[in-house]
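Reminder, nothing fancy here: chain letters follow the sequence lines and each chain counts from 1.
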There are 2 protein chains.
Amino acid sequence: MLSHPEAPSDEPRSKRAAILDAAAATFCKEGYAGASIDAIANTAGVSRQTIYNQIGDKEKLFKAVVAQLTEYSSARFFAILETFPTEPRNLEQELTAFAKRLLEMSCCDQHGKWLLRLANMEGQRHPDLFAAWRQYGPGRKYPAIAARFAQLAHAGYLEVDDPTLAARQFMALVSADIRFDMQFGTRPSQAEVEANAESAVRTFLRAFAPR
Amino acid sequence: MLSHPEAPSDEPRSKRAAILDAAAATFCKEGYAGASIDAIANTAGVSRQTIYNQIGDKEKLFKAVVAQLTEYSSARFFAILETFPTEPRNLEQELTAFAKRLLEMSCCDQHGKWLLRLANMEGQRHPDLFAAWRQYGPGRKYPAIAARFAQLAHAGYLEVDDPTLAARQFMALVSADIRFDMQFGTRPSQAEVEANAESAVRTFLRAFAPR
DNA sequence: ACAAATTTGGACACTATTGTCCAATCTGTC
DNA sequence: GACAGATTGGACAATAGTGTCCAAATTTGT
């Protein structure tokens, strides 16, 4: 059968997945230049040659990693966004639960963490790649959340002038504490995540609840 | 004269400074592994040998860069903290001006930007180095700001239960928009900085002003 | 102008990495 | 069991980077 090097769809799934996972981890830990193909192959439990066969040179490998992380992370986010409390019975409680889900997904999830790290590290080097990420990532996340807040405001649950601003500030508050721990690879504890979500939502509602 | 390799204090100031600046820029752009000594020497307009004479191997160079950036950035921050409006006549206006100063210093200043980037990129690789940074950086910043907010609360200008939390959320709101642009090296415009400071302070005060 | 220190550029050995080639081996399918 | 395709390990040239050495050139202090 044909096996396009670009879209090897299904067959070599597990090998390819192992390679991409190992590559993501290694790129994150060592940076693009510092990540050697040998190290990646070793981590993936795969011969170096297999990487060249399946994916291609280092540049293509990097792009494939970013593409996969972007897709995966974006899918997770929009799945969670479906659980936004559009018609809340207890706004604070349900918004807090939503914030917790978001934190657990966005900050403690390895893929999202890796993607953010790679964007920070190699953003200048591959501007085209991460321009796409920016559009699919933050560029679609904020408007999506903003729409939900606008909905809440329209229904009288909130008092917001600028939903986009509210969305950005909500995200900023929710991920306030986490960024440092996250960037260092130290996973914040469950208790920290919950406490942070609670205080973030409390402050957010103090600012945007109807008077 | 003695010329300690560790503390060459004054004499070779300009060469050493040029080296450290070039090294910081190159490490930021290329990562630790990707930054070659030749490239750094070239950028600094200096012979490669001079780097080895003045500072030592790559590891020492990196440590020297981080140390200098940490010191510089910390000094700038605490200088600006002196201008915190402890006895405000118009709280919103003065706090906004303070936020603008903070943004201009912390986000648009090259050294702070570089330090943050290096911490994100190489934090896992040099945990000891950045543990020190964490203590001197965020670890001292937040308590310092928290103390000011506690002061304001005690004087009746604010209504905060947990000053440390308020400080973290203040910083999160202030730097909400900027992070993305900053990480990508694109400097946010003056107008963006000001708009962000204003909306951040407005939201902060809506949450923490006395009812 | 002289002497001391510093800087320079180039050569050097050494190591690491990339990407390719290939024969041997393993895999699953008929 | 035989076959095709994928996989492996190892060898390979080419390139790039690190850190050292040294003699010549340059800057610096006096």
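Applying the side chain to side chain contact (heavy atoms under 4.5 Å, CB included) criterion to A/Ala144, with sequence neighbours excluded, gives A/Phe78, A/Leu81. Evaluation of the side chain to side chain contact (heavy atoms under 4.5 Å, CB included) rule for B/Glu92 yields B/Asn90, B/Thr96, B/Val201, B/Arg202, B/Leu205 as partners, not counting sequence neighbours. Looking at residues two or more places apart in sequence or on another chain, you find a side chain to side chain contact (heavy atoms under 4.5 Å, CB included) between A/Lys141 and A/Phe77. Taking A/Glu30 as the reference, B/Arg125 meet the side chain to side chain donor-acceptor pair (under 3.5 Å) condition, with sequence neighbours excluded. The side chain to side chain contact (heavy atoms under 4.5 Å, CB included) check on A/Asp57 picks up A/Glu59, A/Lys60, with sequence neighbours excluded.
Sorted by first then second residue, the salt bridge (Lys or Arg N to Asp or Glu O under 4.0 Å) pairs that include residues 63-79 of chain A, not counting sequence neighbours, are A/Arg76-A/Asp109. Applying the salt bridge (Lys or Arg N to Asp or Glu O under 4.0 Å) test to every pair with at least one member in residues 42-54 of chain B, sequence neighbours left out, gives these pairs: B/Asp38-B/Arg48.
In this structure, B/Thr50 reaches the C/dT8 phosphate: one of its side-chain N or O atoms is under 4.0 Å from OP1 or OP2. Checking the phosphate oxygens (OP1, OP2) of C/dT7, no side-chain nitrogen or oxygen of B/Ser47 falls inside 4.0 Å.
Summary of helix geometry: the two end axes of the helix from C/dA1-D/dT30 to C/dC30-D/dG1, each defined by five base pairs via their C1' atoms, are inclined to each other by 40° (rounded to 10°).
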What are the atom names and distances for every N/O pair under 3.5 Å that joins the protein to nucleotides 11-21 of chain C?
residue: C/dA11; atom: N6; partner: B/Arg48; partner atom: NH2; Å: 3.1
residue: C/dT18; atom: OP1; partner: A/Ala35; partner atom: O; Å: 3.3
residue: C/dT18; atom: OP1; partner: A/Ile37; partner atom: N; Å: 3.2
residue: C/dT18; atom: OP1; partner: A/Lys58; partner atom: NZ; Å: 3.2
residue: C/dT18; atom: OP2; partner: A/Ile37; partner atom: N; Å: 3.1
residue: C/dG19; atom: OP2; partner: A/Tyr52; partner atom: OH; Å: 3.4
residue: C/dG19; atom: OP2; partner: A/Lys58; partner atom: N; Å: 3.3
residue: C/dG19; atom: O6; partner: A/Arg48; partner atom: NH2; Å: 3.3
residue: C/dC21; atom: N4; partner: A/Gln49; partner atom: OE1; Å: 2.9

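Summarising the geometry, the separation between CD1 on A/Ile19 and C1' on D/dT7 is reported as 11 Å, rounded to the nearest angstrom. When rounded to the nearest whole Å, the span between CG of B/Asn42 and C1' of C/dG9 equals 13 Å. Counting to the nearest Å, the C1' atom of D/dG19 and the CG atom of B/Asn53 are 12 Å from each other. One interatomic measurement links the two molecules: CD1 of B/Ile51 to P of D/dT20, which rounds to 13 Å at whole-angstrom precision. The CD1-P distance, from B/Ile55 to D/dG19, rounds to 13 Å in whole Å.
Put simply, the side chain of B/Thr203 gets close to the backbone of B/Ser199: a donor and an acceptor are under 3.5 Å apart.
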